[in-house]
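Just so you know, these numbers use all the heavy atoms, side chains as well, and skip hydrogens, waters and symmetry mates. We name chains A, B, ... by the order of the sequence lines, and we start the count at 1 in each one.
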Protein chains: 2
Amino acid sequence: MTTVDPTREALTSLGRARRLMARTSTADRVADAVREEVVEGRLRPGARLPEQDLCAALGVSRNTIREALSQLVTERVLVREPNRGVFVAQPDRDAVRDVYRVRRLVEPAAVLHGEAFGDAAVAAVRAAVSEGVAGADAEDWAAVATANQHFHRALVALADSPRLDQQMALLLAEMRLVFHRMPGVREFHEPYLTRNDAICTLLEAGDRAAAAVEVERYLRDAELQLLVAYDAL
Amino acid sequence: MTTVDPTREALTSLGRARRLMARTSTADRVADAVREEVVEGRLRPGARLPEQDLCAALGVSRNTIREALSQLVTERVLVREPNRGVFVAQPDRDAVRDVYRVRRLVEPAAVLHGEAFGDAAVAAVRAAVSEGVAGADAEDWAAVATANQHFHRALVALADSPRLDQQMALLLAEMRLVFHRMPGVREFHEPYLTRNDAICTLLEAGDRAAAAVEVERYLRDAELQLLVAYDAL
DNA sequence: ATTGCTGGATTGTTGAACAATCCCTACGGT
DNA sequence: ACCGTAGGGATTGTTCAACAATCCAGCAAT
């Protein structure tokens with residue numbers, strides 16, 4: 001029987017925390033850089049990413065590049081075609097349907113049954129709404145799109161679950177690829193500003209049930225609009 | 001204006017399918033092998049996985065090993081401590097709470113709003129229930145645990161979403177790590193056999209609302225039981 | 001126009017190397 | 001006995017160079 005030493009245990013715990021906040025690895029930074037290029041639209045869906053070019057551009061070895069690319073493939077930001085290379089993902093109709101199927105399950109449930117305490121979580125939702133309005137006032141539609149994503153991230157954050165937050169981040173990154181495949185960012189995002197506001201107001205009033213219903217309707221409309229746009233593509 | 005050639009289009013589609021069914025890469029196979037060892041419990045939570053040992057055991061180079069390990073780290077099967085190595089994950093109390101938070105949102109929602117048509121999906125649930133009963137009759141409690149996981153995977157499959165299925169697979173793999181940290185596999189899984197049966201019967205009767213409520217209660221009880229066991233650890 | 005071949009380019013995988021970091025131990029000072 | 005420190009060994013993080021396997025484009029031949 002080994003006796004537990006609480007002090008020692010606490011110290012090793014601190015050491016672990018230290019390690020977790022250690023500087024990210026090179027591969028992680030490469031992945032961040034490439035992901036940034038993709039979600040910002042500077043790398044278009046379908047674009048090919050030769051490993052050597054990335055080596056030259058980022059000044060790291062091919063192995064490190066490959067590690068980063070594998071990471072992005074599991075995030076669905078890139079797709080790998082064996083022996084051909086990796087490409088920026090091109091979400092197809094089925095991908096859109098599936099993403100919205102998940103969102104329609106998760107987002108209303110988070111609004112309805114979220115366990116986040118206090119008003120901070122709702123305040124984050126309000127902040128995203130304001131951010132969208134500010135973007136619209138400045139006619140910066142890319143900013144409006146970003147604010148919209150912050151809005152939905154804030155909705156999921158009501159569940160107070162790191163794992164769910166992470167999954168939502170992946171889904172939203174995939175959504176950016178969807179938007180990059182089609183024109184009309186303004187037309188798509190602008191109409192939802194008022195609906196965001198309405199949902200947020202319901203939340204602030206404590207009427208989670210009504211807010212959840214409204215979120216579900218929102219997502220259904222958005223999906224339909226995207227699928228129609230895909231058909232016209 | 002380009003004219004569409006349906007034959008040509010079908011052929012390129014075939015080419016893409018060919019690539020997707022291409023034999024998995026070495027790194028993928030290594031990841032599968034290690035994951036198998038972990039979920040089967042032959043590698044205990046907290047165990048260290050030195051890269052060189054894996055090289056010798058599996059006969060592949062260190063770079064390939066590292067690629068596989070990175071993959072498993074993103075799956076939360078392993079954790080990496082920079083400059084120290086990778087270890088089999090040891091889900092802590094917070095991990096259990098978070099996993100169940102996600103499951104309590106997703107599983108009832110999938111049961112309630114799932115869009116899987118036909119009886120095939122419900123039949124899969126029934127199959128998992130029968131599998132559990134068979135395992136209990138044979139007093140094979142590991143089989144009962146596996147059947148339980150199949151049951152919950154079948155519940156999520158009601159949503160008919162590949163992305164959700166994949167996420168559920170990751171959560172269930174994490175749950176296996178939780179179980180490996182504590183004794184009493186039988187005591188934990190056996191009581192849920194009758195509840196599985198009840199939920200399945202409700203589903204077969206078309207009463208999704210009642211089934212969803214029952215799933216939610218189920219998950220709440222299971223979480224509580226696990227947290228108590230953690231405290232006694 | 002279709003088939004078959006060939007050369008070049010890219011990926012998949014390996015092996016070896018080196019710096020950086022960590023762990024452990026021994027040593028010396030107090 | 002306790003703390004700090006310095007060294008040594010082991011492991012990881014990263015790079016580089018090489019080779020086989022595969023794919024692609026272009027060309028030749030029918």
Stretch residues 63-79 of chain B: residues that reach within less than 4.0 Å of DNA chain D through a heavy atom: B:N63, B:R66

Step by step, would you call B:N148 with B:H152 a side chain to side chain contact (heavy atoms under 4.5 Å, CB included)? CA-CA 7 Å; B:N148 232 329; B:H152 289 277; 4.0 Å; yes

What are the two closest non-hydrogen atoms of B:G132 and B:V144, and how far apart are they? O-CG2, 3.8 Å

Using a cut-off of under 3.5 Å, enumerate the N/O to N/O pairs linking the protein to nucleotides 8-11 of chain D.
from	atom 1	to	atom 2	distance (Å)
D:dT11	O3'	B:R48	NH2	3.1

Taking 4.0 angstrom as the limit, do [X] and [Y] come out as a salt bridge?
X      : Y      : result
A:R104 : B:E115 : yes
B:D98  : B:R101 : no
B:R44  : B:E37  : no

Where do A:R93 and A:L227 land on the side chain to side chain contact (heavy atoms under 4.5 Å, CB included) test, with the steps shown first? CA-CA 7 Å; A:R93 240 185 101 92; A:L227 289 179; 4.0 Å; yes

Between the base of C:dT13 and the side chain of B:R62, is there a donor and acceptor pair under 3.5 angstrom? no

Check ring-ring contact (aromatic ring centres under 6.0 Å, His included) between B:Y192 and all other residues, then give those that pass, not counting sequence neighbours. B:F188, B:Y218

CZ (B:R35) with more than 12 external heavy atoms under 6.0 Å: yes

Atom-to-atom span, CZ of B:R80 to P of C:dT21 - whole angstrom: 16 Å

Could you tell me whether the phosphate oxygens of C:dT13, OP1 or OP2, come under 4.0 Å of any side-chain nitrogen or oxygen in B:T26? yes

